[in-house]
Amino acid sequence: MAILTIADDKRVFSNPEEIRQQLAPAGIEYDRWEILPGIDKSSSSESILDAYAEQIERVKQKGGYAKVDVVNVNSVTPGLDAMLAKFSAEHWHDEEEVRFIVHGRGVYHVHQPESGFVSKLEVEAGDMIRVPRGTLHWFDLCAEREIKAIRFFQDAAGWTPYYSESGLEKRYEPVCFGLTYLAAEKVAGIDWPALK
């Protein structure tokens, strides 16, 4: 389940409905899908696409997506650092970024220039996110450095990142804590008063 942190005022949300409400003003859609039986870390791209065919078709129809695939990277993927460097600097796309996480974890930082806020959304298996075109954001993998996700593209050729060159991402650590960490902190007596 996702964890949303409004970085600048240290509010933290883990309830899916509250996450949806917090992200809605930025036009970001968040949802939870069930991880289907038989789908796990070792599942092939074909078996994932087959298992989620009904959900994929609904999303394709709603968003006009022309291409769907599965990205699968881990710590031994050749060229992983170069690949991640393309997405870990603040950028935007001229089409939506839509992902359903099947396995692994990552963290999106979303910059809302109108408010000045930067939100951090840690995603894991079962999380579905749609980042609208033109939204300033960046993405990092968590410490395990692995993720498997269904990706949706409006342009069959894929999208291109356009960099803001603000350097804002350097002010925010790509740290993923997860609910286990937050629960341990609470047990240890660390006060998380805004944790929902």
Side-chain angles (χ1 to χ4, degrees), residues 2-8 13 16-33 45 48-49 52-73 80 82-102 104-142 147-172 174 176:
I3 299 171
L4 175 67
T5 304
I6 311 300
D8 299 290
F13 302 90
E17 186 53 40
E18 290 177 331
I19 290 172
R20 277 190 279 276
Q21 291 172 6
Q22 292 297 317
L23 293 175
I28 297 170
E29 293 178 14
Y30 168 76
D31 200 5
R32 288 281 303 166
W33 288 6
S45 297
I48 291 168
L49 294 174
Y52 286 97
E54 187 177 315
Q55 295 93 324
I56 289 169
E57 192 55 36
R58 279 200 308 267
V59 173
K60 283 176 69 176
Q61 293 299 317
K62 180 181 176 186
Y65 303 105
K67 177 183 172 186
V68 178
D69 70 9
V70 174
V71 63
N72 181 17
V73 298
L80 180 62
M83 183 189 310
L84 293 176
K86 290 171 43 179
F87 305 112
S88 62
E90 185 180 58
H91 65 280
W92 59 277
H93 310 289
D94 57 8
E95 74 166 71
E96 298 169 346
E97 182 168 334
V98 182
R99 303 285 181 270
F100 169 62
I101 311 303
V102 176
R105 298 185 309 139
V107 60
Y108 282 92
H109 282 86
V110 178
H111 178 202
Q112 299 175 45
E114 315 78 42
S115 65
F117 278 171
V118 172
S119 302
K120 180 178 95 169
L121 180 66
E122 183 180 328
V123 292
E124 65 179 24
D127 291 326
M128 175 76 171
I129 183 171
R130 185 189 67 81
V131 179
R133 73 184 75 225
T135 301
L136 292 168
H137 68 286
W138 61 96
F139 178 80
D140 292 286
L141 289 178
C142 294
I147 200 158
K148 187 179 282 195
I150 299 174
R151 305 186 298 180
F152 296 80
F153 298 95
Q154 290 160 322
D155 182 338
W159 40 250
T160 302
Y162 299 98
Y163 299 99
S164 70
E165 300 182 11
S166 69
L168 183 64
E169 70 279 355
K170 295 181 178 100
R171 292 179 35 205
Y172 296 88
C176 305

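For the single chain, residues carry numbers from 1 onward in sequence order.
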- Message: Let's go through Phe100 and Ile56 carefully: what are the C-alpha distance in whole Å and the side-chain angles of both, what is the deciding distance for side chain to side chain contact (heavy atoms under 4.5 Å, CB included) to 0.1 Å, and is it a yes or a no?
- Response: CA-CA 10 Å; Phe100 169 62; Ile56 289 169; over 6 Å; no
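- Put simply, the side chain of Leu141 reaches to within 4.5 Å of the side chain of Val73, judged on heavy atoms.
- Counting heavy atoms from C-beta outward, Ile19 and Leu121 have side chains that approach closer than 4.5 Å.
- Closest approach of Cys176 to Glu122, counting heavy atoms only: CA-OE1, 3.3 Å.
- Under the 4.0 Å criterion applied to side-chain N and carboxylate O atoms, Lys67 and Asp155 are not assigned as salt-bridge partners.
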- With side chain to side chain contact (heavy atoms under 4.5 Å, CB included) as the test, would you mind laying out the steps for Arg171 and Val118 before giving the verdict? CA-CA 10 Å; Arg171 292 179 35 205; Val118 172; over 6 Å; no
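- Residue Ser166 holds its OG atom at 7.0 Å from CH2 of Trp138, rounded to the nearest 0.5 Å.
- In this structure, Val70 and Tyr52 have side chains that are not in contact, with every pair of non-hydrogen atoms separated by 4.5 Å or more.
- Note that CG of Asn72 and CD1 of Ile48 are 7.0 Å apart. Values are rounded to the nearest 0.5 Å.
- Of the candidates Lys62, Arg99, Arg20, Glu29 forms a salt bridge (charged side-chain N to carboxylate O under 4.0 Å, His left out) with just one, namely Lys62.
- Annotation for Gly27 and Pro132: closest pair O-CG, 3.0 Å, computed over non-hydrogen atoms.
- In this structure, Arg133 does not pair ionically with Asp94, as no charged nitrogen and carboxylate oxygen lie closer than 4.0 Å.
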- Message: Before you tell me yes or no, could you show the steps for Met128 and Val98 under side chain to side chain contact (heavy atoms under 4.5 Å, CB included), namely the whole-Å CA-CA distance, both residues' side-chain angles and the distance that decides it to 0.1 Å?
- Response: CA-CA 8 Å; Met128 175 76 171; Val98 182; 3.5 Å; yes
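- Counting heavy atoms from C-beta on, the side chains of Asp140 and Tyr172 never come closer than 4.5 Å.
- Residues Glu18 and Gln22 bring no donor and acceptor atom of their side chains to less than 3.5 Å of each other.
- Rounding to the nearest 0.5 Å places CD1 of Ile28 at 6.5 Å from CD of Gln112.
- In terms of modelled atom types and a separation under 3.5 Å, the side chain of Tyr30 and the main chain of Ala24 share no donor-acceptor contact.
- The CD1 atom of Ile101 sits 9.5 Å away from the CD1 atom of Ile150 when rounded to the nearest 0.5 Å.
- With Phe139 as the aromatic partner, Arg105 does not meet the cation-pi criteria of under 6.0 angstrom to the ring centre and within 45 degrees of the ring axis.
- Counting only heavy atoms from C-beta outward, the side chains of His109 and Ser119 never approach each other to under 4.5 Å.
- Counting all heavy atoms, side chain and backbone alike, Glu96 lies closest to Arg130 at OE2-NH1, 3.0 Å.
- Results of the side-chain hydrogen bond (donor to acceptor under 3.5 Å, both in side chains) test with Glu97 over Tyr108, Trp92, Trp159 single out Tyr108 as the only residue that passes.
- Aromatic ring centres of His137 and His111 lie farther apart than the 6.0 Å criterion allows.
- Residues His91 and Tyr162 form no side-chain contact, since every pair of their non-hydrogen atoms from C-beta on lies 4.5 Å or further apart.
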- Candidate pair Phe13 and Leu23, rule side chain to side chain contact (heavy atoms under 4.5 Å, CB included), full reasoning: CA-CA 11 Å; Phe13 302 90; Leu23 293 175; over 6 Å; no
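- In terms of modelled atom types and a separation under 3.5 Å, the side chain of Glu169 and the main chain of Glu90 share a donor-acceptor contact.
- Taking every heavy atom of both residues into account, Gly106 and Ile147 meet most closely at N-CD1, 4.1 Å.
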